[in-house]
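Notes follow the structure.
Computed from a predicted model, the values in this text were never measured in an experiment. In what follows, chains are A, B, ... by sequence order, proteins preceding strands, each numbered from 1.
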Number of protein chains: 2
Amino acid sequence: MARLASGEAEALLGSFREWLRRHGQPVTRQRDQVAAVVLGSTDHLSVEQIQERLQAQGATVGLATVYRTLDLLVQSGMVRGHDFGQRSRRYEPMGPGSVHEHLICTRCGKVEEFTHERLERMLPIIADEYGFQPDRHRVEIYGVCRECQRRVLG
Amino acid sequence: MARLASGEAEALLGSFREWLRRHGQPVTRQRDQVAAVVLGSTDHLSVEQIQERLQAQGATVGLATVYRTLDLLVQSGMVRGHDFGQRSRRYEPMGPGSVHEHLICTRCGKVEEFTHERLERMLPIIADEYGFQPDRHRVEIYGVCRECQRRVLG
DNA sequence: TTCCCTGCAAAGCATTTGCATCAAA
DNA sequence: TTTGATGCAAATGCTTTGCAGGGAA
């Protein structure tokens, strides 16, 4: 249950509130609570996990509202959604400069992050070569994590 | 509705039959028909499209069997499944040496392929650096394709 | 009052599963 | 003949939607 430096999470939450106002959207208690959970975590949360964390802190937010708020967070560019081939979608905060990609263990489902500057530079260039105006990308490497490799050998 | 060189599609179909036999799986009419459609296309087909093409050629295959056969095709390594964030999963044949990645247009949904040797070399190396035993990967660039860029300007 | 966000329940949809039947080996 | 693949329909599970109720301006 990793967390961002609390200052950073606060800043992201502030940006989301600002984004809502700029788009004529009310800042409600529920939106604030959902955003706080997602923006304050460094995990890749499922909607189920988000609900659990909300309940754990005594917040009551309907499932539909969680989905609707996640849409807003994704639209605002502050949250990224992923489909790692598991049952449900995962969400993670995308603070400024938090560009990264993922390593997914096909044994235990663990998701690890990595950054690679050269890779990030290459992809937009490749898109250009094909006349594509790149917006975002996704790099996922599937395999067996260190721990699961040991488990098999052991 | 692009197609592989017919000889290549035939060869892939033959390999699938062989794979089935080697795994003690019967080669049925339905499996053959589904495999022929998927292995004979260069598009990224949805299950719906696969059904349509089967019907167009007078083949009757139940929906459940299409899904079950796709599982086998994926297990055999001859077909790759994708989730491009559209309603349903897409499937494409993976003949030997057909390593490639995807450019997805967020306006019109078009999926284009690209290959990049250096990129393919990099990813397993990155995985190694993190102790991951890489198996496969997925690189997707989302953006606006050439045609949709024109459409907006026009 | 007016607007529209929220929450509940119902609906949607792609995918999976149970089971009787039928075809492959 | 035996086995298990197939097809239909029902079930599943995540996500979305309809709509009445409620809070804010």
Side-chain angles (χ1 to χ4, degrees), chain A residues 16-17 19-38 44-55 57-76 79-92 109, chain B residues 13-14 16-38 44-55 58-76 79-92 109:
Chain A
F16 181 55
R17 291 200 190 104
W19 184 90
L20 287 172
R21 285 188 210 103
R22 239 180 315 154
H23 288 75
Q25 289 278 349
V27 178
T28 64
R29 170 181 62 78
Q30 289 89 336
R31 290 177 177 183
D32 231 57
Q33 289 173 326
V34 172
V37 164
V38 180
H44 303 84
L45 300 175
S46 65
V47 167
E48 196 184 356
Q49 290 173 313
I50 294 169
Q51 282 257 79
E52 285 168 6
R53 295 196 184 183
L54 285 169
Q55 292 186 326
Q57 56 189 61
T60 310
V61 183
L63 188 56
T65 300
V66 174
Y67 278 104
R68 288 188 278 233
T69 305
L70 283 169
D71 272 354
L72 293 170
L73 283 162
V74 170
Q75 279 173 47
S76 77
V79 162
R80 184 157 64 147
H82 292 286
D83 188 315
F84 292 137
Q86 295 156 335
R87 347 199 94 191
S88 59
R89 220 172 285 160
R90 304 287 149 143
Y91 297 88
E92 64 169 349
Chain B
L13 188 53
F16 181 56
R17 291 199 191 105
E18 205 181 317
W19 184 90
L20 287 173
R21 284 188 211 104
R22 238 181 317 160
H23 292 257
Q25 290 279 348
V27 178
T28 65
R29 172 183 60 79
Q30 290 90 336
R31 290 177 176 182
D32 232 55
Q33 289 173 325
V34 172
V37 165
V38 180
H44 303 82
L45 300 174
S46 64
V47 168
E48 196 185 355
Q49 291 173 314
I50 294 168
Q51 282 257 73
E52 283 168 7
R53 296 195 183 185
L54 285 168
Q55 292 186 327
T60 310
V61 183
L63 188 56
T65 300
V66 174
Y67 278 104
R68 288 187 279 230
T69 304
L70 283 169
D71 272 355
L72 293 169
L73 283 162
V74 169
Q75 278 174 47
S76 77
V79 163
R80 185 157 64 147
H82 292 286
D83 189 316
F84 292 136
Q86 295 156 336
R87 351 197 91 190
S88 59
R89 219 174 286 160
R90 306 286 150 143
Y91 297 87
E92 65 170 349

The side chain of [X] lies closest to which of these nucleotides: [options]?
{"X": "B/V61", "options": "D/dG7, C/dT6, C/dA25", "value": "D/dG7"}
{"X": "A/T28", "options": "C/dC5, D/dT15, D/dA5", "value": "C/dC5"}
{"X": "B/R68", "options": "C/dT17, D/dT15, C/dA24", "value": "C/dT17"}
{"X": "B/A64", "options": "D/dG7, D/dT15, C/dT6", "value": "D/dG7"}

Atom-pair distance ([atom1] on [X]; [atom2] on [N]), nearest Å:
{"X": "A/R89", "N": "C/dT15", "atom1": "CZ", "atom2": "P", "answer": "13 Å"}
{"X": "A/Q86", "N": "D/dC14", "atom1": "CD", "atom2": "P", "answer": "12 Å"}
{"X": "B/Q33", "N": "C/dA24", "atom1": "CD", "atom2": "P", "answer": "11 Å"}
{"X": "B/D83", "N": "C/dA14", "atom1": "CG", "atom2": "P", "answer": "13 Å"}
{"X": "B/L20", "N": "C/dA23", "atom1": "CG", "atom2": "P", "answer": "19 Å"}
{"X": "A/Q25", "N": "C/dC5", "atom1": "CD", "atom2": "P", "answer": "5 Å"}
{"X": "A/L70", "N": "D/dT16", "atom1": "CG", "atom2": "P", "answer": "10 Å"}
{"X": "B/Q51", "N": "C/dA14", "atom1": "CD", "atom2": "P", "answer": "12 Å"}

What is the nucleic acid contact for A/R31, judged by heavy atoms within less than 4.0 Å: base, sugar-phosphate only, or nothing? sugar-phosphate
Identify, between B/Q30 and B/R87, the residue whose nearest nucleotide on DNA chain C lies closer to the 5' end. B/R87
Does A/Y67 place a side-chain N or O at less than 4.0 Å from the phosphate oxygens OP1/OP2 of D/dT16?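 No, no such contact exists.
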Please confirm whether the shortest side-chain N or O distance from B/T65 to OP1 or OP2 of D/dG7 is below 4.0 Å.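 Answer yes for this pair, as a side-chain N or O of B/T65 is under 4.0 Å from OP1 or OP2.
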Please find the pair of heavy atoms, one from B/H82 and one from B/R89, that lie closest to each other, and give the distance. O-CG, 3.1 Å
Roughly how far apart are [X] [atom1] and [Y] [atom2], rounded to 0.5 Å?
{"X": "B/Q75", "Y": "B/W19", "atom1": "CD", "atom2": "CH2", "answer": "5.0 Å"}
{"X": "A/L63", "Y": "A/I50", "atom1": "CG", "atom2": "CD1", "answer": "10.0 Å"}
{"X": "A/E52", "Y": "A/Q57", "atom1": "CD", "atom2": "CD", "answer": "12.5 Å"}

Do A/R29 side-chain and D/dG23 base share a donor-acceptor contact under 3.5 Å?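 A donor-acceptor contact between them is absent.
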When you look at B/R68 and B/Q30, which way does the side chain to side chain donor-acceptor pair (under 3.5 Å) test go after all the steps? CA-CA 10 Å; B/R68 288 187 279 230; B/Q30 290 90 336; over 6 Å; no
